[in-house]
Amino acid sequence: MKQLGIFIKKEIYHILRDKRTLVILLGMPLALVLLFGFAITNEINNARIALVDLAQDELSQEISARLAASDYFTIEDQLPQVADIEPHFQKGKSKLVVVFPEQLQSNTRRGIPTSIQLIADATDPNTATTLINYAQAIIYSELQESTDNPKPPLHIQTEVKMLYNPRLKSVYMFVPGVMTVILMLVSAMMTSIAITREKELGTMEVLLVSPLRPPLIVIGKVIPYILLSLINTAVILMLGTFVFGMPVEGSLALLGLESLLFVVTSLGLGILISTRTESQQVAMLISLMALMLPTILLSGFIFPIESMPKLLQIISNIIPAKWFIIIIKNIMLKGTGFEFVWKETLILLGMMFLFIAASVRNFKIRLA
Amino acid sequence: MEYAISANGLTKKFGAFTAVNAITFNVKKGEIFGFLGANGAGKTTAMRMLNGLSRPTAGEAQVAGYDVYRETERIKQHIGYMSQKFSLYEDLTPKENIHFYGGIYGGSLSFLKQKSKELITELGMEAYANTLVKNIPLGWKQKLSFSIAIMHQPAIVFLDEPTGGVDPITRRQFWEMIYKVANEGMTVFVTTHYMDEAEYCDRVSIMVDGRIEALDSPGNLKKQFKAETMNDVFLKLTRP
């Protein structure tokens with residue numbers, strides 16, 4: 001036990017004295033969450049739109065006011081005629097133009113079918129679709145409320161309710177994703193580098209010749225990184241909650257335990273990599289290629305797994321991050337308890353034992 | 001008499017390649033035993049089998065009276081080791097290195113505090129006591145490394161090319177340290193390819209292609225090979 005303490009102390013010196021790496025390890029979660037939260041986002045905020053109001057009546061005014069009042073849109077311009085729309089788009093002034101037809105209000109009152117035209121700049125198709133959806137929703141709700149006509153303009157209405165993320169904030173998706181990537185990075189990559197560094201410097205031989213038992217060396221190596229990972233988890237969660245208003249509906253304790261499980265699984269992978277490599281650079285490359293890329297691409301962090309080709313969907317099952325993201329999304333957004341994530345937890349547990357068993361085996365072979 | 005190290009037909013094969021080919025030798029207690037050979041002759045591999053890093057393919061060996069197959073953990077308690085690569089932590093100070101290595105051999109905190117003061121005074125490196133090891137000249141590091149390897153008073157210390165890249169004056173000082181511990185009864189097993197250093201050893205063995213081709217005191221070897229210096233002995237053996 002005392003030896004372990006001495007070993008951990010030494011390891012903490014290594015971490016604290018390598019200032020550059022430390023800044024990266026602690027700064028990266030901040031940078032990534034802020035970047036994904038503010039800059040890289042697929043939600044719409046204050047998109048610039050223009051109006052062509054040929055009706056100039058009460059209803060058109062009300063709809064315009066409602067569009068302007070929403071956070072999604074800012075009315076950039078009022079265009080006098082339809083012919084102005086094309087040049088307006090070409091100058092890139094707005095993303096969407098709403099055209100109110102003549103006699104909008106009177107036609108609506110009398111039940112004559114009318115249409116409000118939405119014209120979007122589809123050079124960016126995703127944004128265009130989203131803008132159209134938002135604008136439609138706002139216009140329908142206004143029509144429903146304002147017309148005296150008991151029959152709504154549409155005979156069948158779909159009522160949409162976005163559960164767990166009603167405002168479709170992308171930060172709800174990025175916070176769990178970034179957390180997963182950071183934990184994987186700190187746990188797997190940093191431990192594999194830390195262990196191979198001792199091999200490269202020749203100190204590993206001296207440790208193995210000493211009475212320290214190999215498992216103790218490995219445990220001493222990983223404990224500081226477990227702590228570092230948990231600090232990062234806390235930082236990311238706090239950023240998510242206080243800066244982006246991301247809720248943690250479920251139990252924080254459960255969230256912490258699941259994170260610990262994922263951290264240990266990643267550590268197992270890191271140790272496994274380090275038993276197979278001799279230099280820090282190789283360890284880093286393998287961690288990046290074999291762990292980071294699949295974690296980002298195949299975990300459902302950015303690209304939904306359901307829309308992947310069948311083969312990739314099958315491969316995604318062996319990515320620990322996929323299961324972890326499912327678990328933490330459930331806990332954070334839906335507030336579910338352990339009874340709904342035990343299957344995923346079991347899968348992660350299985351992976352953890354597999355990696356640790358494999359690395360213990362390989363570590364022994366290296367000693368022979 | 002009981003030997004500090006005895007090897008009998010010790011062999012290590014890597015696939016079809018035989019790195020160490022049935023070497024047999026004994027090292028007496030308190031002896032400075034030189035283990036010579038060209039690069040790739042099998043010195044390091046032989047040493048790794050003795051200190052428990054590598055499992056022999058065949059043959060027998062005892063180190064400090066313990067068997068290298070079954071009792072490696074006990075061997076580890078009784079040996080010190082200074083590896084060919086420099087074995088201190090560069091981002092720790094000499095004091096922290098002493099505390100770490102002393103600690104993993106089970107030294108108590110008060111012992112370590114006293115010992116690190118002693119060592120630093122003995123080596124005359126008070127000025128470097130709180131400098132990171134990476135900023136200390138190589139000669140000092142080597143001496144410190146040696147002091148740390150023998151801090152827990154092992155019965156045998158293994159030195160793997162301890163003086164590589166060090167200036168002649170520091171090498172001289174280093175050998176004085178080796179003499180001192182040998183006089184106190186510690187067995188020193190040292191590999192080197194500096195032939196002048198071979199002269200300092202009580203007995204030397206010369207390895208060629210995994211075999212021990214000669215083993216005796218430097219004086220006897222020079223007589224046997226009718227050579228002026230150990231360098232000539234070595235050249236006669238390796239270039240027939």
Side-chain angles (χ1 to χ4, degrees), chain A residues 1-25 190 193-221 223-225 275 278-280 361-368, chain B residues 12 14 44 47-57 63 69 72-93 95-109 112 132-134 145 148-149 151-152 154 156-161 164:
Chain A
M1 238 14 234
K2 200 177 126 252
Q3 288 176 325
L4 186 63
I6 290 166
F7 201 98
I8 292 173
K9 193 170 151 200
K10 172 203 78 123
E11 213 52 43
I12 290 174
Y13 281 139
H14 289 324
I15 295 173
L16 291 183
R17 287 186 186 163
D18 188 357
K19 293 273 186 302
R20 229 179 318 165
T21 312
L22 188 65
V23 166
I24 294 174
L25 286 183
M190 294 316 293
I193 290 177
I195 295 177
T196 44
R197 184 176 54 202
E198 298 239 15
K199 281 193 193 175
E200 221 176 80
L201 297 178
T203 44
M204 187 57 99
E205 274 192 7
V206 183
L207 293 180
L208 291 177
V209 171
S210 81
L212 273 185
R213 303 202 172 244
L216 202 76
I217 298 177
V218 174
I219 294 171
K221 278 258 156 221
I223 284 183
Y225 289 101
T275 59
E278 294 299 323
S279 80
Q280 295 179 61
R361 219 183 101 85
N362 274 304
F363 211 81
K364 278 197 181 139
I365 288 170
R366 285 222 46 80
L367 288 174
Chain B
K12 180 77 187 187
F14 296 107
T44 301
M47 188 184 254
R48 289 169 66 92
M49 282 191 282
L50 295 175
N51 63 24
L53 279 177
S54 174
R55 206 180 161 77
T57 315
V63 176
Y69 291 92
T72 48
E73 290 307 319
R74 310 213 76 161
I75 290 177
K76 286 175 183 180
Q77 300 279 358
H78 292 88
I79 61 169
Y81 175 56
M82 182 175 161
S83 80
Q84 187 173 16
K85 286 181 197 166
F86 182 57
S87 49
L88 299 176
Y89 289 100
E90 300 255 305
D91 52 351
L92 265 57
T93 65
K95 240 185 204 166
E96 288 160 355
N97 269 295
I98 293 170
H99 275 247
F100 173 68
Y101 280 117
I104 61 177
Y105 279 93
S108 71
L109 195 65
L112 292 174
L132 295 189
V133 167
K134 65 179 162 208
S145 204
I148 287 177
M151 188 167 47
H152 58 287
I156 305 160
V157 62
F158 289 88
L159 308 173
D160 195 1
E161 292 179 14

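Quick caveat, the model's predicted, so the values are computed rather than measured. Sequence lines set the chain letters: A, B, ... in the order given, protein chains first and strands last, and positions in each chain run from 1.
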Measure A:Leu207 against the heavy atoms of chain B and call it side chain, backbone, both or neither at under 4.5 Å. side chain
When every non-hydrogen atom of B:Tyr105 is compared with those of A:Ser210, the smallest separation belongs to OH-CA, 3.5 Å
A quick test of your reading: do over 12 heavy atoms of other residues, nucleotides or ligands sit less than 6.0 Å from CZ of A:Arg213? no
Which bit of B:Thr57 is near chain A, if near means a heavy-atom gap under 4.5 Å: side chain, backbone, both or neither? neither
Value for CD1 (B:Ile104) from CZ (A:Phe7), rounded to nearest 0.5 Å, stands at 7.5 Å
Restricting to non-hydrogen atoms, name the atom on B:Ser83 and the atom on A:Gly202 that form the minimum distance, rounded to 0.1 Å. OG-O, 3.8 Å
Please check this pair: side chain of B:Lys76 against backbone of A:Leu208, looking for a donor-acceptor N/O pair closer than 3.5 Å. yes
Step through the shown structure and confirm whether more than 12 heavy atoms of other residues, nucleotides or ligands are within 6.0 Å of CZ on A:Arg197. yes
Compare all side-chain heavy atoms of A:Arg17 with those of B:Leu132 and state whether any distance is below 4.5 angstrom. yes
Mind ranking A:Leu4, A:Val206, A:Val209, A:Ile6 by heavy-atom pairs under 4.5 Å with chain B and telling me who comes out on top? A:Val209
If we ignore hydrogens and angles and just use 3.5 Å, is the side chain of A:Lys10 paired with the main-chain N or O of B:Glu96 as donor and acceptor? no
Roughly how far apart are A:Leu212 CG and B:Tyr101 OH, rounded to 0.5 Å? 10.0 Å
Does a side-chain heavy-atom distance below 4.5 Å link B:Phe100 with A:Lys9? no
Need one label for B:Ile75: side chain, backbone, both or neither, based on atoms under 4.5 Å from any heavy atom in chain A. neither
Spatial distance of atom OH (B:Tyr81) from atom CD (A:Glu205) [nearest 0.5 Å]: 3.5 Å
